[in-house]
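Read through the structure below, which is laid out as structure tokens, and then see the notes.
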Amino acid sequence: MNTQPAHTIILSPIEALDRVLVDRIRGELTKVFGFPVKIMPLLDDLTFALDRQRRQYHSTLILEVLDREAPPDALKILGVTGQDLFIPILTHVYGEAHLGGRASIISLNRLKEHTGSGSPEKEYHERAVKEAIHELGHTFNLRHCKDPACIMHYCHSVADVDRKSDHLCRYCRTLLKDEIERLTGR
Ligand SMILES: [Zn+2]
Ligand SMILES: [Zn+2]
């Protein structure tokens, strides 16, 4: 009998989101991190995190609730929202995560801006997948990477997001592998 705890990543849509996109994110996360990814809405009302003056939601507060609401045996959690997120020192964030912790979140709000010449939907979905891997990567203890093509590279703009690839550089891949081995005893 397998006595290992259930190493499941929870993908938590915060409102009703594009199902095609949610499924795509789920598939890519499974590939990159190698754990089963379960879609499980954990909260739907973000009013507690709303800053009425900024008309944005404070991502740090949402992370705390995601962490609290997730099943205790969930390995990691990624919340996905269409709302615009911020932390007090920045005008906005594409996402936030507890470094080496459990919870992460991404905002799709600013990823829709159409800048390329291709399909707007393809462009938007690719950005969302990259940001999802990036934020979840932080929960696996990955920090920002200097390599501009690495998915752990910090992005100021959607142009930066478009420029980076959808995978980890060799260095980050090794760090991730070590972290997964540490977490699972594999
Ligand atoms: Zn980051
Ligand atoms: Zn890297």
Side-chain angles (χ1 to χ4, degrees), residues 9-14 17 21-22 24-26 28-35 37 46 49 51 54 56-67 70 74-113 115 123-183:
I9 294 173
I10 304 284
L11 174 58
S12 180
I14 291 173
L17 296 172
L21 177 56
V22 172
R24 168 119 184 246
I25 292 173
R26 178 173 181 245
E28 296 296 324
L29 294 180
T30 310
K31 260 193 260 172
V32 173
F33 296 97
F35 293 100
V37 178
L46 294 183
D51 183 307
R54 299 180 60 133
Q56 289 173 300
Y57 294 83
H58 189 170
S59 54
T60 314
L61 302 178
I62 305 171
L63 285 185
E64 285 165 15
V65 175
L66 284 173
D67 200 357
L75 182 65
K76 306 287 180 189
I77 307 127
L78 175 73
V80 183
T81 179
Q83 303 294 342
D84 199 19
L85 301 178
F86 78 98
I87 57 172
I89 56 162
L90 294 173
T91 58
H92 65 272
V93 290
Y94 296 135
E96 192 190 347
H98 289 148
L99 184 69
R102 279 212 312 169
S104 59
I105 185 168
I106 61 166
S107 164
L108 304 173
N109 191 275
R110 293 175 188 253
L111 303 179
K112 282 182 184 160
E113 182 195 348
T115 55
E123 182 184 62
Y124 163 52
H125 285 193
E126 281 173 2
R127 289 170 182 161
V129 165
K130 287 178 187 177
E131 289 312 294
I133 298 168
H134 179 103
E135 292 306 335
L136 203 55
H138 283 314
T139 69
F140 284 90
N141 235 340
L142 296 179
R143 290 157 198 267
H144 285 147
C145 178
K146 284 193 192 117
D147 181 347
C150 176
I151 208 153
M152 292 314 295
H153 191 68
Y154 176 73
C155 291
H156 295 274
S157 66
V158 286
D160 294 339
V161 180
D162 292 341
R163 212 172 293 123
K164 68 181 177 181
S165 71
D166 62 356
H167 51 260
L168 296 162
C169 72
R170 260 175 72 178
Y171 176 70
C172 291
R173 221 162 45 224
T174 305
L175 292 177
L176 176 63
K177 192 172 160 277
D178 290 349
E179 177 67 5
I180 289 173
E181 283 175 5
R182 194 185 69 76
L183 286 170

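Just so you know, ligand 1 is whichever comes first in the structure, and atom 1 is the first atom listed for that ligand. Keep in mind that this is a model prediction, so the values were computed, not measured.
- With respect to Glu181 and Lys177, a salt bridge is recorded, a charged nitrogen being found less than 4.0 Å from a carboxylate O.
- Here Glu135 does not pair with Lys130 in a salt bridge; the nearest charged N to carboxylate O distance is not below 4.0 Å.
- At a cut-off of 2.8 Å, His153 is not counted among the residues with an N, O or S atom near the Zn ion (ligand 2).
- Considering the Zn ion (ligand 1) as centre, the angle to NE2 of His138 and to NE2 of His134 is 100° (10° rounding).
- A salt bridge links Asp67 to Arg102: at least one charged side-chain nitrogen sits closer than 4.0 Å to a carboxylate oxygen.
- Minimum-distance N/O/S atom of His144 relative to the Zn ion (ligand 1): NE2.
- Between SG of Cys145 and SG of Cys169, the angle at the Zn ion (ligand 2) works out to 110°, rounded to 10 degrees.
- Rounding to 10 degrees, one finds that the Zn ion (ligand 2) sits at the corner of an angle of 110° between Cys172 SG and Cys150 SG.
- Side-chain rings of His134 and His153 stay apart, their centers remaining 6.0 Å or farther from each other.
- The pair Arg127-Glu123 counts as a salt bridge, with a side-chain nitrogen and a carboxylate oxygen less than 4.0 angstrom apart.
- Distance check for Cys155 against the Zn ion (ligand 1): none of its N/O/S atoms falls below 2.8 Å.
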